[in-house]
Structures are given as structure tokens and as C-alpha cells.
Protein chains: 2
Amino acid sequence: MSSDGTGRRPTIYSVADRAQVSIATVSRVLRRPDEVRPATRDRVLQVVDELGYVPDGAARSLAVKSHEAHGLVLPELGGPYYADLLTGYEQGAADGGASVVVLLTDGKADVDLLVRRLAGRVDGIVLMGAVQVAPTTVAAIRRKLPVLGLANSHEESVESFVTENVHSAEELTRHLVEVHGRRRLRFVGSPDIADDVHDRYAGFVAAHQAAGLEAAPPVPATFREEDGPRVAALLLEGELEADALVCANDELALSVMRHLSAGGVSVPDQVSVTGWDDGMAARYVTPGLTTVSQPVRELGRQVAVRMRALLEDPTSVPEQHLLPTTLVVRQSCGCP
Amino acid sequence: MSSDGTGRRPTIYSVADRAQVSIATVSRVLRRPDEVRPATRDRVLQVVDELGYVPDGAARSLAVKSHEAHGLVLPELGGPYYADLLTGYEQGAADGGASVVVLLTDGKADVDLLVRRLAGRVDGIVLMGAVQVAPTTVAAIRRKLPVLGLANSHEESVESFVTENVHSAEELTRHLVEVHGRRRLRFVGSPDIADDVHDRYAGFVAAHQAAGLEAAPPVPATFREEDGPRVAALLLEGELEADALVCANDELALSVMRHLSAGGVSVPDQVSVTGWDDGMAARYVTPGLTTVSQPVRELGRQVAVRMRALLEDPTSVPEQHLLPTTLVVRQSCGCP
DNA sequence: CAGGACAAAGTAAGCGCTTACGAGCGATGG
DNA sequence: CCATCGCTCGTAAGCGCTTACTTTGTCCTG
């Protein structure tokens with residue numbers, strides 16, 4: 001076995017052979033260098049270099065019973081939200097020496113299968129609330145590894161991180177009502193599409209109640225830009241009466257705003273429009289988009305850190321984490 | 001060994017025991033179901049379900065000598081560019097049953113080490129041109145697995161995908177010169193920061209030569225929004241004379257544009273500003289940002305597909321791939 | 001009813017690495 | 001001068017899975 005390095009991919013055996021040591025020593029040189037005599041170490045290192053040896057991660061994982069990787073399951077990567085989340089998470093994971101495997105579910109048929117498979121390649125999985133996974137799947141993988149939820153405020157059984165939605169939506173709505181005297185507000189977004197949206201609408205409703213107003217039903221829409229024209233059209237054609245549109249996120253808000261302006265409706269003079277997420281575009285449009293900022297990157301990082309803790313001590317008590325948001329007032333609500 | 005499933009994580013042994021079959025049969029049930037009698041199959045599947053068994057990916061990888069994963073090394077995930085790229089890549093990889101492990105290098109100290117480690121966990125690696133990796137590292141990992149370059153037009157030795165930069169930059173510049181009569185154009189961005197930028201500047205210069213003009217040296221700047229204010233200030237304070245700013249990407253352009261306006265300089269009346277990437281914000285700002293659109297998601301997908309081909313047939317001839325870009329003319333250049 | 005063909009399932013040999021354990025050996029101290 | 005200690009390093013036993021090969025059992029066929 002084990003040629004002197006002529007073989008395609010060098011293994012720990014090739015290195016050992018060529019350096020005249022046992023594979024144990026090669027392993028030691030790489031993992032606990034100070035347990036081997038400098039002379040030996042150098043010799044081994046040189047061979048490692050010559051051969052371009054890179055230890056096989058799978059073999060290592062198998063031996064140490066740890067994948068040194070986390071799985072992150074997101075619906076997609078559009079908009080700044082998920083990208084920031086991933087950025088934060090990757091940092092947090094990398095700080096602990098783990099890589100992250102991303103699984104984007106949008107447009108994929110057998111999400112449950114994919115998630116299960118993923119569960120076999122990582123030490124822990126973070127599941128975004130917006131991805132549709134069968135409860136039985138979640139239950140199954142939880143038996144194998146820690147699972148953390150994200151923005152899934154209504155799945156109590158899984159430890160999760162959510163950003164505050166209800167109160168910020170309430171604050172935003174109140175701002176429109178009290179400061180700008182809006183009375184015919186509509187919420188744009190489908191509450192059943194994600195827990196996030198559900199909670200934002202709940203805050204919208206709560207603010208109405210507090211002000212003695214009645215909240216109109218939500219105008220259904222996805223998170224995507226594509227839905228903007230349709231919503232704008234409803235209003236332009238008079239099918240929707242509103243002096244304020246509270247949109248589920250920035251993409252939607254920007255798109256609506258643009259098509260409203262194009263249709264001759266002035267924002268914010270005739271209609272206030274607000275978003276959610278505070279992405280880059282929100283700062284650059286005119287009028288500036290009033291929106292809610294979430295510490296997304298930080299959120300990602302915290303989730304990763306928590307996951308690491310969970311992996312070290314699986315008995316640690318589950319907790320629900322709530323992260324604060326900030327209302328960012330610009331001009332699209334009517335403020336100067 | 002192998003309890004009947006009481007142990008923490010069920011393995012193929014626990015399943016086999018409980019279903020009264022050998023581990024080979026369990027494996028078959030999972031990988032080649034039709035090679036086992038339905039009755040047996042069902043019995044095994046039921047146990048799999050009961051125990052919540054998920055095969056260990058590392059063990060499988062070791063046995064089949066394939067990680068069924070690709071590595072994607074990016075500097076960061078800011079802006080739409082990398083996120084789209086990743087989205088496309090993940091799709092392409094998933095179509096081939098592979099997951100993708102992302103490595104974000106910005107802010108990380110030992111990138112070379114991380115890349116090497118990554119090389120041990122995946123079947124192939126895609127390296128963004130903008131990440132700083134030592135040539136020796138690249139050489140080392142290339143001996144172990146296929147490496148594909150991205151937007152690294154000047155690293156000839158590695159098979160790579162680049163989007164067209166020179167001609168589009170030339171076209172963009174010509175547009176400013178011929179259509180809008182600009183004469184004092186400046187390129188904003190550091191050509192040495194990435195091959196992309198280098199080529200865009202080259203196109204900028206080429207257009208000047210073709211028009212019998214002399215191209216001014218570039219105004220150094222990174223890809224980030226943060227550099228905008230400084231650049232705008234140069235112009236506002238008269239240290240920079242220009243009637244057109246060709247920026248290396250959208251973030252930079254948007255930021256510059258905004259700070260220029262804030263400083264009382266009218267865009268595009270006094271100064272044209274252009275970007276690169278055609279992100280969401282480019283469509284929503286006023287004036288609309290004239291920029292260059294790249295088929296980024298498609299690019300990502302193609303790279304993934306190529307990687308899969310390379311993995312199947314490592315002898316396939318390396319080729320350089322060039323993807324087209326499109327000039328997107330909006331108002332920031334001076335067009336109505 | 002013997003013999004062969006074929007389907008189903010078991011046996012066992014790895015895949016490449018980590019690490020507990022122990023052997024060898026020069027240094028140390030009583 | 002010999003028992004001990006401590007440092008280095010080799011031996012070998014897995015880690016959990018896949019799969020070539022073999023065995024066993026069934027069902028035809030002539």
C-alpha cells in the first residue's frame with residue numbers, strides 16, 4: 001500500500017512513508033506539533049509541502065466525530081437581509097473553527113430530503129422560519145443534532161432567535177397615525193407567509209386599536225419586488241383607498257413607491273410608504289424610505305455563537321432570544 | 001457493540017440490528033432500494049424512521065471518496081453581486097447533488113490556512129479573484145482538487161470565468177464622451193485591488209485613446225460605500241476636476257452621487273456618475289444610475305455546472321470563459 | 001428431480017484519519 | 001550502577017459507511 005507519493009492524492013500514509021515516520025507522527029505534527037521533536041517535525045512538514053498534502057476532512061470528521069461545520073437553511077439570498085445574516089453567521093462559526101454549509105430552499109422540490117441530508121454533514125442546523133420544512137423532519141433531525149430557529153416566533157418547541165416585530169410595527173404605525181395624521185392605512189404583505197410578517201401585521205393592528213381605529217385587512221403580497229406593480233396598480237385604479245402603505249419589507253416598499261410615483265401619486269404627500277429591513281437602497285431613494293432596521297449581521301453572529309455553545313454543552317437550557325429593532329425615519333412617511 | 005438504538009446517535013448498525021438485517025442491507029435500502037425485497041425494505045425503513053436515523057455524511061464521503069460538496073471562497077457578501085453569485089452557484093451545485101461550503105475571507109487573518117482546510121472538505125473550489133490567496137496555496141490545493149477562478153482575468157494558469165469588462169467600460173466611457181460631451185472623466189476605483197477593476201480602467205483608457213483624449217489616472221477607492229464621501233469631498237473641495245465619474249461599482253457610485261448632491265453638485269447636470277453591477281438600488285435612486293449589468297446569477301450557475309463536469313472528467317481541457325455584460329443607461333449619465 | 005440461473009442478503013475489506021496505549025531510550029538521582 | 005521518569009514515536013483499534021464478492025435460497029427447465 002501507499003506509494004511514496006506518486007499516487008493521485010497524497011494521504012497521510014504517503015507522507016508517513018516518505019518522511020520515514022508512522023502515520024501517528026504525521027497526525028501529531030499537524031495537530032499537536034509540540035508533542036514531536038523539532039527535527040522530526042520539520043522533516044514531516046517538508047514532505048507535507050512537497051506532496052501538497054491536505055488531510056481529508058471526511059476521514060478526520062469520522063475519527064473525531066465532529067463535522068466542524070454548521071448548516072444554514074435559508075429560503076433565498078435576495079435583498080440584504082439573508083446576505084447579512086449569512087455574513088454574520090459565517091463569522092461567528094469561523095471564530096469557532098467551523099465552516100458553514102448553506103442550503104437555499106427556494107425553487108427546490110424536496111426540501112425535507114435535502115435538510116435531512118444536510119443533517120448528516122454538519123454538527124448543527126439553523127433553520128430560517130420562512131423555509132417550509134415538515135415538523136416531522138424537524139423532529140427527526142433534532143434527535144441527531146441541535147437545531148436553532150430563526151425568525152420563527154411561533155414555533156415554541158425549537159430554541160430560536162427572533163427580532164422584535166410587534167412593537168416596532170406598532171411604533172411605526174403609531175408614527176404614521178399620530179405624526180402624519182394618516183387614517184386609511186393598509187398593511188402590504190401576507191401574514192401567513194412567514195411569522196415575521198404575521199407579527200408585523202399584529203403590531204399594525206395593535207396600533208390601530210390603541211388609537212381607536214379599525215385596522216383594514218392586509219393586502220396580500222410576497223417579499224419580492226415583483227409584487228409592487230400589482231399593489232401600486234390597485235391604488236392607482238382606485239380599488240384600494242389608502243393614505244399610507246406599511247409594507248412587509250424594503251423590496252416591496254421600494255417597488256410600490258416607484259410605481260406609485262410613476263403613476264402620478266406623490267409619496268409621501270398623498271400616500272406614505274414604509275418598508276422593513278433598512279437595506280442599502282432605502283438610504284438612496286428619494287424620498288428616503290422610512291423603515292425598520294434590524295441588527296441582522298449581529299443576529300447571525302449571535303446565532304452562531306449560541307450554536308457553538310450548544311455543541312459544547314448540549315444540556316444547556318433552551319432559551320428564546322429576542323433582538324431589538326430600530327425605527328429609521330426618513331422621508332417616505334412624510335417627515336421632512 | 002451496537003445497542004438496539006438506545007445509544008445517542010443511531011448508526012447503520014443500530015438500524016441493522018433492530019431490523020434484523022446486515023448493515024449492507026440497510027445501506028442498500030437507502031441507496032439502491034430496488035435491490036432489496038419490498039418486505040425487507042419496508043421493515044428497514046420503518047426502523048430508520050423510528051430511530052430517526054440519518055447516515056453520517058463523513059463516513060459516506062470517506063467510503064465513496066467524494067465530499068459531495070463544493071467550496072466557494074468570496075471576500076464578502078455585501079451588495080447584490082456576491083449574493084447573486086452564491087445563489088446561482090448553489091443552484092447549480094444542488095442540481096448535481098452537491099452542497100456548497102462558503103468561506104468569507106474579509107476580516108480573516110489566515111486565509112491561506114482556511115482555504116487549505118476547506119480543500120480537505122470539498123471536491124472542488126471556486127476562488128474569487130478578489131480574495132488574496134498565496135499562489136503557493138493555490139498551487140497546493142490544485143494538486144488535490146479542481147480549482148476554478150472567478151473574475152480573475154489575469155491568472156491565466158487557472159481555468160476561470162470572467163465577465164467582460166474592458167469593452168463594456170469602453171462603451172460606457174464612449175457614451176459619456178460622445179453622447180454627453182464629457183471631457184474631464186475620472187475613473188473611481190483602484191485597478192490593483194482586483195482584476196475586474198483593472199480591466200474596467202483599461203477600457204476607460206482605451207476609450208480615451210480612441211477619442212484622442214488622454215485618460216486621467218484613477219482615483220483610488222475600494223468597492224465599499226464608505227469611500228464615497230471622501231471621493232465626493234475631493235470634488236466638492238475643488239481638488240478634483242471632473243465632469244464625469246466612472247465608478248468601479250454601484251455602491252461606490254451611489255454613495256458618491258448622494259454626497260455630491262448633498263454638497264450642491266447636480267448629477268448629472270454638472271457631473272455624470274456611473275456604476276457597475278446594476279443592483280437593486282441602481283433602479284430606485286434618482287437619477288437612475290447608469291451602470292453595467294452582469295448576468296451574475298447565471299454566471300454562478302455556469303461555474304457550478306462546469307465544476308461538476310470537471311469533477312466527472314478531470315482530464316477535460318481547461319478553458320477560459322467570458323460572459324457578456326450589458327450597458328444599462330439610466331439618467332445619472334445625463335440621458336433623459 | 002437434478003442442475004442451473006437468478007434474486008436477496010450477508011461477509012468483510014477497506015476509505016484516511018485520530019488517539020489510547022505502550023515500547024524504547026537517554027537522562028536523572030539515590 | 002540501576003530503577004525511574006519523561007519524552008518521542010510506533011502499534012493498532014476504531015470512527016460509520018459502501019460495495020465487491022460470496023453464500024443461501026428459490027424457481028425454472030428439461
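In what follows, chains carry the letters A, B, and so on, assigned in the order in which the sequence lines appear, proteins first and then strands, with residues in each chain numbered from 1. Here the structure is a predicted model, which is why all the values come from computation and not from measurement.
Checking B:S316 against B:R306 by side-chain atom types alone, a donor-acceptor pair falls below 3.5 Å.
We find the CG-OG1 distance between A:L114 and A:T105 to be 9.0 Å, quoted to the nearest 0.5 Å. Note that CE of B:M128 and CG of B:L148 are 12.0 Å apart. Values are rounded to the nearest 0.5 Å.
Within the structure, a side-chain polar atom (N or O) of A:R37 is placed less than 4.0 Å from OP1 or OP2 of D:dC9. Residue B:Y53 has a polar side-chain atom (N or O) positioned under 4.0 Å from OP1 or OP2 of D:dC17. Contact between the side-chain N/O atoms of B:S22 and the OP1/OP2 oxygens of C:dT11 is not found at any separation under 4.0 Å.
Taking atom NZ on A:K144 and atom P on D:dG16, their separation rounds to 9 Å, with Å as the unit. Separating the CG atom of A:L30 from the P atom of C:dT18 is a distance of 7 Å, rounded to the nearest angstrom. The nearest whole Å value for the distance from the NZ atom in B:K65 to the P atom in C:dA13 is 17 Å. Rounding to whole angstrom units, CZ of residue B:R60 and P of C:dG16 are separated by 16 Å. Residue A:I12 contributes atom CD1, which lies 14 Å from atom P of D:dT11 at whole-angstrom precision. Rounded to a whole Å, the CZ atom of A:R117 is 14 Å from the P atom of D:dC17. Atom CG in B:D34 sits roughly 10 Å away from atom P in C:dA8 (whole-Å rounding). A straight line from CG of A:D42 to P of D:dT8 spans 13 Å, rounded to a whole angstrom.
For A:R308, the CZ atom counts as densely surrounded, since its 6.0 Å shell holds more than 12 non-hydrogen atoms of other residues, nucleotides or ligands. Crowding of A:E319 atom CD: a count of heavy atoms from other residues, nucleotides or ligands under 6.0 Å exceeding 12.
Both A:R31 and B:T25 lie near DNA chain C, and the one whose nearest nucleotide falls closer to the 5' end is B:T25. Both B:P38 and A:V26 lie near DNA chain C, and the one whose nearest nucleotide falls closer to the 5' end is B:P38. Of the two residues near DNA chain D, A:I23 and A:T40, the one whose nearest nucleotide lies more 5' is A:T40.
Residue B:V21 is in sugar-phosphate contact alone, with no base atom involved, counting any heavy-atom pair closer than 4.0 Å across all strands shown. A:S27 comes within 4.0 angstrom of a nucleotide base, judged by non-hydrogen atoms across all strands. No contact: A:S61 has no heavy atom under 4.0 Å from any strand.
For the helix from C:dC1-D:dG30 to C:dG30-D:dC1, the angle separating the two terminal helix axes comes to 50°, with each axis derived from five pairs and the value rounded to 10°.
Note on B:R18 versus B:E50: salt bridge recorded, some NZ/NE/NH1/NH2 to OD/OE distance being below 4.0 Å.
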(request) Show your reasoning for whether side chain to side chain donor-acceptor pair (under 3.5 Å) applies to A:S160 and A:Q320. (result) CA-CA 5 Å; A:S160 49; A:Q320 300 298 321; 2.7 Å; yes
(request) Please test B:D84 against B:R301 for salt bridge (Lys or Arg N to Asp or Glu O under 4.0 Å), starting from the C-alpha separation and ending with a verdict. (result) CA-CA 10 Å; B:D84 270 354; B:R301 182 182 255 291; over 6 Å; no
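When all heavy atoms of B:Y81 and B:A151 are compared, the pair lying nearest together is OH-CB, 4.4 Å.
Nearest nucleotide to the side chain of B:V64, out of D:dC17, D:dT11, D:dT19: D:dT19. When each of D:dT11, C:dG16, D:dC17 is scored by its nearest atom to the side-chain atoms of B:L62, the top-ranked nucleotide is C:dG16.
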(message) For nucleotides 20-25 of chain C, give me one character per nucleotide, 5' to 3': B if any protein heavy atom sits under 4.0 Å from the base, S if the only such contacts are to the sugar-phosphate, - if neither.
(response) B-----
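With hydrogens and angles ignored, no donor-acceptor pair under 3.5 angstrom links the side chain of B:Y13 to the base of D:dC15.
Under the side chain to side chain contact (heavy atoms under 4.5 Å, CB included) rule, A:L30 has a single partner from A:I12, A:V44, A:L45, which is A:L45.
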